[in-house]
Amino acid sequence: MKIAVAGTGYVGLVTGTCLAERGHCVTCVDVDENKIKMMESGKSPIYEDGLEELMQKNHAAGRLSYTTDYQAAYCDADAIFIGVGTPELPDGSADLHFVMGVARQIAESVQKDCLVVVKSTVPIGTNDEVEKLLKECVNGRVNIEVASNPEFLAQGTAVRDTLNASRCVIGTESKNAESVMRAIYEPFGIPIVSVNRRSAEMIKYASNDFLALKISYMNDLANLCELVGADVKAVAQGMSYDERIGRRFLNPGIGYGGSCFPKDTKALRSLAADLGYELKTVSAAIEVNQMQQIRLFTKAEEMGIELEGKKIAILGLAFKAGTDDLREAASLKNVPLLLEKGANLVAYDPVAQDNFIRRFPEGQQGSGSIHYVHSAKEALQDADLCFVYTEWPEFVSLTPSDFIKTMKSPVVFDGRDIYQPEEMKNAGITYIGIGR
Ligand code: UDX
C-alpha cells in the first residue's frame, strides 16, 4: 500500500520505517530540511536501537523515502498517518496545532480517496475534529475517512515494540476504514482490537495513565516501606506472582519521566476537569511523581548533608536507559537544585550527554559548577557523593569496590535501586536507595 507519514519523531519515523519493513511503500514527511537530508544519508535523527539499520535497509530497497514536499507525498497516498507531537500546554492540556496543521495540508493535497490515520496521542474527540476539518476543506470529489490508531511503543525498544506490538488498536465506525487498516496491519501478524474512535483515543490515555499510576503507587509504597522497615523490591517481587498484578512496571525509583506519562496524565486530568470531573487517581499519581523526582535530593537534605563545594558524581541524565531523550528527566530537576546549593557536579551519560550540555553548558553555573566526563569511573574519581539517576547497564555493572576505589568518601544515592544495599554497606559505603 502507498503510505505517507507526517512527522519523523519517535512515533512517525518508527511507524514509517516499520510499515516499510512490512512491505508497504512509505514516504516520511517533515518540515525540517536538515532532518530529511540526514535521513536520506542513512542517519537516524534519534537514538533508537535498531532503527538506523532498518531505515537504511528499506531506503535501499526503495520502500522508504523522506521529503519536505507534503503535497507530493499526500496527493496519491492510500493512507496518511499523522505522527506529529501533541506537546503539553501551560494548563496541562494537549496542544493540537501540529495535528490540525497537518490535517489542513492533507486537505489541500489529496487527489484521490484516502484514509487518514491519527497516531499522535490526542484528547478524546480529536479524530472527530480532524474529520470535520478535512471534510470542510477537501476537494468535494475526494472521499476521506479518519481512523484512530494509537501508538504504544516505548523509547529504546520502539522498533521491537512496533514490529511485535502487543496489539493494534483501530478506532473507526466505518467498515471501509477498518478494512484498510486491517490490510495495512495484516503483515504484522499482531492482535487487532477494533473499537469506535473515541474508545481508541481513550485506550491510549487509559493505558499510559494506568502504567503511570502503577509506578506512582510503587513509589508511594517505597516511601512507606522506609518508615516500616520493609524492602520495596522484595514487596514488588512478592506482588508480582499474582497474575492480576503482573511483573512489569513495579520498579520504584525517582519517578516517571519521558515524553508520554507526564504529558498524558496531565492531559487526561485536564480533559476531565473541562468536563467538570475530578480524576482523583490520576491527580494522585501526578502529585506523587512530582515529589518522587526530587526524592534523592530531599533525602540528602533530611540527612543534613552539606552540598556546598562538594564534588558530586552524576550517573545518568536520560529519563531512562536506552534513550538520549531528556524530556521530563529527573536529572533536569535535580541538577539545578544541586547547583543552587553550590555543588560541583561531574556528570556522565553514555548517550544523552550532548543533549544535556546544550541546556547546562560545561563550567561555572551560579555558585556551583558542572563538568562532563566520558565514563562512570571518571565521574566517580575523588567524588564526595554519587547520585544515580538512570539505570544504564554500565552503572548496573559497577561493583562496591569500584565506588570504594575511586570515590573520596563513598556515599551513594541510588535512584534506581540497582545495587544491593547489604553488599554496598558491607563494603563500607553509605548507601541510600529508594524504599529499602
Ligand atoms: C511509555 C509507554 O511505555 C509507551 O507504551 C507509550 O507509548 C509511551 O510512554 P516510554 O516513555 O518510552 O514509554 O518509557 P517507559 O519505559 O514506559 O518508562 C517511562 C518512565 O517510567 C521512565 O522514566 C521510566 O524510568 C519509569 N519507570 C518505568 C519506572 O520508574 N518504573 C517502572 O517500573 C517502569
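Order of appearance sets the numbers: ligands from 1, and atoms from 1 within every ligand. As the structure is a prediction and not an experimental result, all values here were calculated from the model.
Those atoms of ligand 1 with a heavy atom of R416 less than 4.0 angstrom away are 25 (O). Ligand-side atoms of ligand 1 in range of L153: 4 (C), 5 (O), 6 (C), 7 (O), 8 (C), range being under 4.0 angstrom from any heavy atom. Counting atoms of ligand 1 from 1 in the listed order, those under 4.0 Å from a heavy atom of F152 are 4 (C), 5 (O), 7 (O). The E151 neighbourhood of ligand 1 comprises atoms 7 (O), with distances under 4.0 Å to a heavy atom of that residue. Heavy-atom proximity to C260, at under 4.0 Å, picks out these atoms of ligand 1: 8 (C), 9 (O). For ligand 1, the atoms closer than 4.0 angstrom to any heavy atom of A154 are 3 (O), 12 (O), 13 (O).
With a 4.0 Å heavy-atom cut-off, ligand 1 is reached by the side chain of I215 but not by its N, CA, C or O. Contacts between D161 and ligand 1, counted as non-hydrogen atom pairs separated by less than 4.0 Å, are absent for every part of the residue.
A donor-acceptor pair is defined here as one N or O able to donate and one able to accept, closer than 3.5 Å; such a pair exists between the side chain of T406 and the backbone of D402. No donor-acceptor pair closer than 3.5 Å links the side chain of T27 to the backbone N or O of A73.
A 4.5 Å side-chain heavy-atom check between L19 and F188 finds at least one atom pair inside the cut-off. Counting heavy atoms from C-beta outward, D384 and M407 have side chains that stay 4.5 Å or more apart. No side-chain heavy atom of F356 sits less than 4.5 Å from a side-chain heavy atom of D349.
Ligand 1 does not have E328 within reach: every non-hydrogen atom of the residue lies 4.0 Å or more from it.
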> Would D30 and Y66 satisfy side chain to side chain donor-acceptor pair (under 3.5 Å), going step by step from the backbone distance to the final call?
Replying inline: CA-CA 8 Å; D30 204 286; Y66 315 98; over 6 Å; no
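Not one N or O of S259 is nearer than 3.5 Å to an N or O of ligand 1, by distance alone.
Heavy atoms from other residues, nucleotides or ligands lying under 6.0 Å from CD of E302 number more than 12.
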